[in-house]
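The structure displayed is predicted, hence computed values, not measured ones. In this chain, numbering begins with 1 at the start of the sequence shown.
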Amino acid sequence: MALRPYIVGNWKMNGTRAMLSEARAIDRSAQRLMKVEVALAPPFTLIHAVHREAEQIGIGAQDCHAKADGAFTGDVSAAMVADAGAKFVILGHSERREGHGETDADVQAKAAAALDAGLKLIVCCGETLATREAGGAVAHVTAQLEGSLPDTIDNAGERLAVAYEPIWAIGTGRTATVEDVAEMHRAIRALLIARYGEEEGSLVRILYGGSVKPDNARELLSTDEVGGALVGGASLTAESFLGIVMAAVDMQDA
Ligand code: PGA
């Protein structure tokens, strides 16, 4: 695990103002847990409100448009989410790729727009169960990242994180084996070093996502090359999310 693990909650299309109390509770605990970097990506509608509540945790968006502004009804630009208080954006989540037809090139264009707006990136990748069972998971994921990541990023180690999320593990209660996660993360690390150089490529945090819960977080976070977690369902309450954060804290102390 990286020196300072990065635990990110992805609220997906969940949350109204009634959930601000959860964000507040997460933030208050994170203030005492400086060994772990904690962040939340609420829906667009809550970014500003969570930003106002939060003193410690990072706030991000779950997507942005590739254009800075214009006639794109229903879309939200990187500059807009930055203006609302977001410091990072999750891009290329499989629910965007599958549900909205986002291609690698779309993700790469959005990443460029986000960097222009001063945002950090969490770029997601992952394979279907059919691809894994056919033995093509590593080739698929590395090709996906080749097409989705920006060619160059100033301070890539600081501004980029990659989240490996096997699609069949998202929201299903199934997780990849630690051996499979370690193999994939090593392949992603090699790609990052080839792309951004030894120094910066070594610093990029590679997160695991897909049914991370308090009771499996320790095992996943102790896996070779896992620098944190991208958490969906278990990030919706402070209690379960903080259970994952505490697993990361305990491992720093161990
Ligand atoms: P999950 O979602 O933790 O609910 O599986 C993870 C994600 O999609 O980021």
Side-chain angles (χ1 to χ4, degrees), residues 6 8-20 23 27 37-126 144-163 165 170 192 195-196 200 204-205 207 209 230-232 235:
Y6 191 27
V8 184
N10 171 14
W11 278 6
K12 308 192 178 186
M13 198 173 74
N14 297 290
T16 58
R17 284 180 296 161
M19 262 175 74
L20 290 175
D27 184 70
E37 186 175 350
V38 181
L40 280 182
F44 289 133
T45 49
L46 286 183
I47 290 173
H48 188 58
V50 175
H51 165 70
R52 287 177 61 138
E53 292 285 341
E55 292 171 14
Q56 179 64 33
I57 60 173
I59 311 299
Q62 300 168 17
D63 182 38
C64 68
H65 197 272
K67 292 279 180 359
D69 49 46
F72 302 101
T73 301
D75 285 315
V76 178
S77 74
M80 289 170 179
V81 298
D83 183 54
K87 296 287 187 285
F88 71 91
V89 60
I90 297 170
L91 293 174
H93 192 282
S94 59
E95 287 154 13
R96 301 290 318 169
R97 292 177 186 267
E98 290 193 331
H100 298 265
E102 286 188 12
T103 63
D104 295 344
D106 293 333
V107 176
Q108 195 177 46
K110 290 177 176 209
L115 291 170
D116 279 349
L119 296 171
K120 296 182 184 183
L121 311 175
I122 299 176
V123 176
C124 301
C125 56
Q144 207 177 31
L145 283 175
E146 289 284 359
S148 302
L149 292 174
D151 291 331
T152 58
I153 305 178
D154 287 340
N155 299 324
E158 168 68 19
R159 300 193 68 190
L160 173 68
V162 169
E165 302 199 300
I170 295 175
L192 291 168
R195 192 123 172 169
Y196 302 117
E200 293 297 325
V204 174
R205 280 171 298 187
L207 315 181
L230 183 56
V231 184
S235 71

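Ile153 contributes atom CD1, which lies 4.5 Å from atom CG of Leu160 (distance to the nearest 0.5 angstrom). The distance from atom CD1 of Ile57 to atom CD of Glu37, rounded to the nearest 0.5 Å, is 11.0 Å. The CG atom of Leu119 sits 13.0 Å away from the NZ atom of Lys110 when rounded to the nearest 0.5 Å. Here Cys125 contributes atom SG and Glu146 contributes atom CD; the two are 11.5 Å apart, rounded to the nearest 0.5 Å.
Looking only at side-chain heavy atoms (C-beta outward), Asn14 and Pro43 stay at 4.5 Å or farther from each other. At a threshold of 4.5 Å between non-hydrogen side-chain atoms, the residues Tyr6 and Ile122 count as touching. Between Phe88 and Ile59, the closest side-chain pair of non-hydrogen atoms is not below 4.5 Å. Considering only heavy atoms from C-beta on, Trp11 comes within 4.5 Å of Met19 through its side chain. Residues Tyr196 and Pro150 have side chains in contact (heavy-atom distance under 4.5 Å, counting atoms from C-beta outward). Annotation: side chain of Gln62 is not in contact with side chain of Glu95 (no heavy-atom distance under 4.5 Å). Side-chain contact between Asp27 and Glu53: absent, with no pair of heavy atoms (C-beta onward) separated by less than 4.5 Å. Here the side chains of Ser77 and Asp69 are not in contact, with every heavy-atom distance at 4.5 Å or above.
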| task | Begin from the C-alpha positions of Glu200 and Glu158 and carry the test side-chain contact (heavy atoms from CB on, under 4.5 Å) through to its verdict. | result | CA-CA 8 Å; Glu200 293 297 325; Glu158 168 68 19; 5.5 Å; no
| request: Just do the side-chain contact (heavy atoms from CB on, under 4.5 Å) check on Asp75 and Asp63 with the steps written out, would you? | output: CA-CA 9 Å; Asp75 285 315; Asp63 182 38; 5.7 Å; no
| Does the side-chain contact (heavy atoms from CB on, under 4.5 Å) test come out yes or no for Leu40 and Val8, once each step is laid out? | CA-CA 6 Å; Leu40 280 182; Val8 184; over 6 Å; no
| After noting the C-alpha distance and the side-chain angles of Asp151 and Arg195, does the key distance pass the side-chain contact (heavy atoms from CB on, under 4.5 Å) rule? | CA-CA 7 Å; Asp151 291 331; Arg195 192 123 172 169; 3.1 Å; yes
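If you run side-chain contact (heavy atoms from CB on, under 4.5 Å) between Cys124 and each of Val162, Asn10, Ile90, only Ile90 comes through.
Taking all atoms of both residues into account, the shortest heavy-atom contact from Ala117 to Ala78 is CB-CB, 3.6 Å. The two residues Ala163 and Leu230 make their nearest non-hydrogen contact at CB-CD2, 3.8 Å. Ala114 approaches Leu91 most closely through the heavy-atom pair CB-CD1, 4.5 Å. In terms of heavy-atom proximity, Ala61 sits nearest to Ala41 at O-CB, 4.1 Å. Contact record, Ala111 with Ser148: CB-O, 4.5 Å, taken as the closest heavy-atom pair. The shortest heavy-atom contact between Val204 and Ala161 is CG1-CA, 4.0 Å.
The pair Arg97-Glu102 does not meet the salt-bridge criterion, since no charged nitrogen lies less than 4.0 angstrom from a carboxylate oxygen. Ion pairing between a basic and an acidic side chain is recognised when a charged N comes within 4.0 Å of a carboxylate O; Asp154 and Arg159 show no such pairing.
No donor-acceptor pair under 3.5 Å is formed between the side chain of Arg52 and the backbone N or O of Ile47. Gln108 contributes a side-chain N or O that, together with a main-chain N or O of Leu149, makes up a donor-acceptor pair within less than 3.5 Å. Of the possible polar contacts, one joining the Asp106 side chain to the Thr103 backbone as a donor-acceptor pair under 3.5 Å is found. No donor-acceptor pair closer than 3.5 Å links the side chain of His65 to the backbone N or O of Val76. In terms of modelled atom types and a separation under 3.5 Å, the side chain of Lys87 and the main chain of Gly58 share no donor-acceptor contact.
For the 3.5 Å distance criterion, the side chains of His93 and Glu165 qualify, holding a donor opposite an acceptor.
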